[in-house]
Student: 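Attaching a single structure in structure tokens format; questions to follow.
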Protein chains: 2
Amino acid sequence: MNTPYHNNQEFLSHISIDSVVFGFHENELKVLLLELKDLEKYALPGGFVKKDETIEDAASRILKWRTGLDEIFLQQFKVFSSPDRSKDNPTIPIIKSLIPNIDISFYNDRFISIGFFALVEYTLVNPNPDELSIKCEWVNIDDAKNVIIDHSDIINGALEALRIQLNYSPIGYNLLPQKFTMPELQKLYETILGKQLDRRNFQRKILSYNILNRLDEKRVGVAHKSPYLYEFDLENYQKALENGLKSGW
Amino acid sequence: MNTPYHNNQEFLSHISIDSVVFGFHENELKVLLLELKDLEKYALPGGFVKKDETIEDAASRILKWRTGLDEIFLQQFKVFSSPDRSKDNPTIPIIKSLIPNIDISFYNDRFISIGFFALVEYTLVNPNPDELSIKCEWVNIDDAKNVIIDHSDIINGALEALRIQLNYSPIGYNLLPQKFTMPELQKLYETILGKQLDRRNFQRKILSYNILNRLDEKRVGVAHKSPYLYEFDLENYQKALENGLKSGW
DNA sequence: TTATCATTGTGTAACCATGACGCAATGTAA
DNA sequence: TTACATTGCGTCATGGTTACACAATGATAA
């Protein structure tokens with residue numbers, strides 16, 4: 001079977017990966033979580049590193065399996081290594097009960113987890129649970145509470161890393177549909193930052209980055225004045241990603 | 001003997017730590033490197049993680065052994081995981097020849113290395129080589145070229161992380177002596193950033209952070225006009241570390 | 001002893017980004 | 001037809017940034 005829980009001898013011991021997958025839908029920042037069987041607890045999608053792949057490839061492979069997506073925007077942000085995090089891992093009993101002949105010693109070892117965050121377009125994701133989980137679903141980031149081990153720390157760390165990223169990198173291309181309105185983009189920023197921004201100042205600042213093209217279309221069927229649609233100027237967006245937005249020194 | 005090369009069963013397999021220790025001396029940014037025996041190559045000070053310590057504790061322990069310093073400012077910045085990095089590790093033959101009865105399989109395994117950078121006051125460091133190295137010494141960052149495996153990537157990554165850090169965190173307390181002049185602090189920033197800054201604008205900006213106290217002393221015995229001495233205002237410095245300097249959103 | 005000159009302390013004017021807010025146009029819903 | 005939330009566009013005050021000017025200092029050279 002194509003899950004990481006069998007044949008665990010193909011993985012490096014002691015090292016795991018946990019990814020915080022961010023999506024944006026209905027003006028809410030969401031995180032992809034697995035609901036574990038019999039536990040009423042959630043867990044981040046994670047996995048292990050094969051003996052001949054980089055951690056980036058591993059994170060990418062794991063998320064492809066979880067979301068169906070190739071080419072996910074992924075970034076490592078922190079390693080979580082408290083010795084406590086390997087004690088009382090509630091997934092181990094599940095694994096043991098579901099896969100009787102498994103070599104459980106692999107999971108009983110201490111694990112250091114490399115935290116990644118991913119930015120994906122909500123609508124493109126096909127959440128895929130596995131043997132250990134009842135379902136794989138989007139959860140509002142504020143509701144992502146009842147999680148195992150230190151996954152709450154990992155989520156908070158990812159959000160913090162994303163907020164910092166916002167200051168010297170454009171964000172949005174990986175989180176929004178191709179066409180979007182200025183208020184939608186602003187709501188994304190507001191949700192990530194956890195605070196309100198002035199509509200007019202936001203527009204001026206984001207336009208000054210020169211990463212947006214305004215289209216000759218407007219969003220129709222919406223209440224009130226219809227807003228323009230924008231798309232990212234991929235060439236300039238890429239340049240901004242590489243050079244960084246001006247910041248400080 | 002108190003080196004990591006014996007009793008390697010007390011360490012987690014597959015995981016190593018490499019630290020880029022920055023020091024500042026005679027207006028140059030320096031990195032602490034080990035010169036390896038018989039190789040004419042340099043290596044970053046590194047080590048392994050004990051089975052019951054965090055990676056932060058491990059990095060701290062390793063650097064205490066290398067520098068004699070407690071309470072080093074340390075920060076993880078990236079994990080290096082190319083499978084290639086574990087091939088042809090030139091330290092393995094040295095270990096094998098020096099410690100004949102060692103279990104070399106530990107070192108022959110693939111390693112994922114967690115990169116830390118450290119900021120230390122140059123004059124306080126007592127560089128300590130070990131069995132594998134002829135010496136442990138400060139090398140100008142621009143001359144840190146002839147290094148093993150991917151240590152050059154790690155050094156570059158650390159410098160990049162430090163430059164980003166500069167934008168939302170004060171730097172200097174860990175790198176300068178207690179009393180210093182404004183030109184010295186400026187030179188530190190210039191060296192890290194790799195570019196010249198305007199003297200007067202630098203002073204205005206750094207003073208606006210309110211992390212400096214100007215003393216009623218001047219540096220004496222120096223050519224030309226004698227500059228004031230400054231020290232960091234620890235309370236405000238700490239506050240700035242926690243809250244971050246205003247930056248962007 | 002005096003002049004030289006690189007360096008430091010202080011200041012200033014033009015420019016740009018930011019924060020706070022005004023107002024007219026739009027388009028659905030009452 | 002009117003009400004009203006929302007959008008597009010603009011203004012003004014503030015503060016930070018850039019690019020300089022100028023006098024004071026103090027070792028060094030004449």
Side-chain angles (χ1 to χ4, degrees), chain A residues 26-27 163 166-170 176 179-191 193-231 240 243-249, chain B residues 26-27 163 166-170 172 176 179-191 193-231 236 240 243-249:
Chain A
E26 289 177 345
N27 284 342
R163 282 177 182 165
L166 227 50
N167 288 321
Y168 53 94
S169 208
L176 293 173
K179 298 176 181 182
F180 52 89
T181 66
M182 193 60 77
E184 285 162 2
L185 181 59
Q186 178 180 345
K187 199 73 193 164
L188 170 61
Y189 271 75
E190 289 182 336
T191 312
L193 292 168
K195 68 178 179 191
Q196 306 277 96
L197 300 172
D198 182 275
R199 187 172 63 85
R200 296 147 286 190
N201 296 335
F202 175 81
Q203 164 149 330
R204 191 181 29 190
K205 182 160 178 170
I206 207 89
L207 285 179
S208 76
Y209 294 162
N210 284 323
I211 54 169
L212 296 181
N213 292 329
R214 192 170 86 173
L215 305 176
D216 287 333
E217 306 174 62
K218 299 190 169 192
R219 172 129 305 164
V220 292
V222 68
H224 315 301
K225 183 168 179 176
S226 53
Y228 280 105
L229 286 172
Y230 290 82
E231 65 180 9
N243 306 335
L245 306 169
K246 59 110 205 49
S247 59
W249 299 97
Chain B
E26 290 177 346
N27 284 342
R163 282 179 182 162
L166 226 48
N167 288 322
Y168 52 95
S169 207
L176 292 173
K179 298 176 181 180
F180 52 89
T181 67
M182 194 58 78
E184 285 162 2
L185 181 59
Q186 179 179 345
K187 200 72 195 165
L188 171 62
Y189 271 74
E190 288 181 337
T191 311
L193 293 167
K195 69 177 180 191
Q196 305 277 98
L197 300 171
D198 182 276
R199 186 174 63 85
R200 295 146 289 189
N201 296 336
F202 175 80
Q203 164 149 332
R204 183 154 32 106
K205 181 160 177 169
I206 208 89
L207 285 178
S208 77
Y209 293 162
N210 285 324
I211 54 169
L212 296 181
N213 292 328
R214 192 170 88 174
L215 305 176
D216 287 332
E217 307 173 59
K218 299 191 169 193
R219 171 129 305 163
V220 291
V222 69
H224 316 302
K225 183 167 179 177
S226 53
Y228 280 104
L229 286 172
Y230 290 83
E231 64 180 12
N236 286 345
N243 306 335
L245 307 169
K246 61 110 201 49
S247 59
W249 299 97

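Side chains included, hydrogens not; waters and symmetry mates left out as well; all remaining heavy atoms used. Proteins come first, then strands; the chains are lettered A, B, ... in the order of their sequence lines, and each starts at number 1.
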Student: Taking only heavy atoms on the protein side, list every residue of residues 194-210 of chain A lying under 4.0 Å from any atom of DNA chain C, sorted numerically.
Tutor: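 Within residues 194-210 of chain A, the residues near DNA chain C are A:D198, A:R200, A:N201, A:R204, A:K205.
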Student: Just how far is it from atom CG of A:L197 to atom CD1 of A:I206, taken to the nearest 0.5 Å?
Tutor: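 Going from CG on A:L197 over to CD1 on A:I206, the span is 9.5 Å.
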Student: With sequence neighbours excluded, what pairs up with B:Y189 under the ring pair (Phe, Tyr, Trp, His ring centres under 6.0 Å) test?
Tutor: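 With neighbours one apart ignored, the set is A:W249, B:F202.
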Student: Could you tell me which residues satisfy side chain to side chain contact (heavy atoms under 4.5 Å, CB included) with B:D198, sequence neighbours excluded, listed by chain and number?
Tutor: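 For B:D198 the side chain to side chain contact (heavy atoms under 4.5 Å, CB included) partners, ignoring immediate neighbours, are B:R200, B:N201.
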Student: Considering only heavy atoms from C-beta outward, does the side chain of A:L193 approach that of A:L166 to under 4.5 Å?
Tutor: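 In contact.
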Student: Provide the start and end nucleotides, 5' to 3', of the part of DNA chain D that has atoms under 4.0 Å from heavy atoms of chain B.
Tutor: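 Listing 5' to 3', DNA chain D meets chain B from D:dT17 to D:dA27.
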Student: Applying salt bridge (Lys or Arg N to Asp or Glu O under 4.0 Å), name anything that partners B:E190, two or more places apart in sequence or on another chain.
Tutor: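 Listed in chain order: B:K187.
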Student: Among residues at least two apart in sequence or on other chains, which ones pass side chain to side chain contact (heavy atoms under 4.5 Å, CB included) with A:R219?
Tutor: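 Once residues adjacent in sequence are excluded, the partners of A:R219 under the side chain to side chain contact (heavy atoms under 4.5 Å, CB included) criterion are A:T181, A:E184, A:V222, A:P227, A:L229.
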Student: Mind checking what makes salt bridge (Lys or Arg N to Asp or Glu O under 4.0 Å) contact with A:K225, not counting sequence neighbours?
Tutor: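 Applying salt bridge (Lys or Arg N to Asp or Glu O under 4.0 Å) to A:K225 gives none.
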Student: Applying ring-ring contact (aromatic ring centres under 6.0 Å, His included), which residue pairs with at least one partner in residues 203-230 of chain A are found, sequence neighbours left out?
Tutor: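 Sorted result for residues 203-230 of chain A: empty, none.
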Student: How would you list, by chain and number, every residue that makes a side chain to side chain contact (heavy atoms under 4.5 Å, CB included) with A:N210, sequence neighbours excluded?
Tutor: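 Partners of A:N210 under the side chain to side chain contact (heavy atoms under 4.5 Å, CB included) test: A:N236.
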Student: Take the C1' atoms of the five end pairs on each side of the helix from C:dT1-D:dA30 to C:dA30-D:dT1, get both axes, and report the angle to 10 degrees.
Tutor: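 Comparing the first five pairs with the last five, the axes sit 0° apart.
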Student: In this structure, are over 12 heavy atoms from other groups packed under 6.0 Å from B:K179 atom NZ?
Tutor: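 Open.
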Student: Looking at A:Q203, A:M182, A:E231, which hits side chain to side chain contact (heavy atoms under 4.5 Å, CB included) with A:L212?
Tutor: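 Result: among A:Q203, A:M182, A:E231, A:M182 is the only option passing the side chain to side chain contact (heavy atoms under 4.5 Å, CB included) with A:L212.
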Student: At under 4.0 Å between heavy atoms, what does B:R214 touch on the DNA or RNA strands: base, sugar-phosphate, or nothing?
Tutor: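 Here B:R214 touches the backbone only, sparing every base.
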Student: Using side chain to side chain contact (heavy atoms under 4.5 Å, CB included) as the criterion, list what pairs up with A:S208, not counting sequence neighbours.
Tutor: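 Applying side chain to side chain contact (heavy atoms under 4.5 Å, CB included) to A:S208 gives none.
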Student: Listed in order of residue number, which residues of residues 220-229 of chain A have a non-hydrogen atom at under 4.0 Å from DNA chain D?
Tutor: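 When residues 220-229 of chain A is checked for heavy atoms under 4.0 Å from DNA chain D, the hits, listed by number, are A:H224, A:K225, A:P227, A:Y228.
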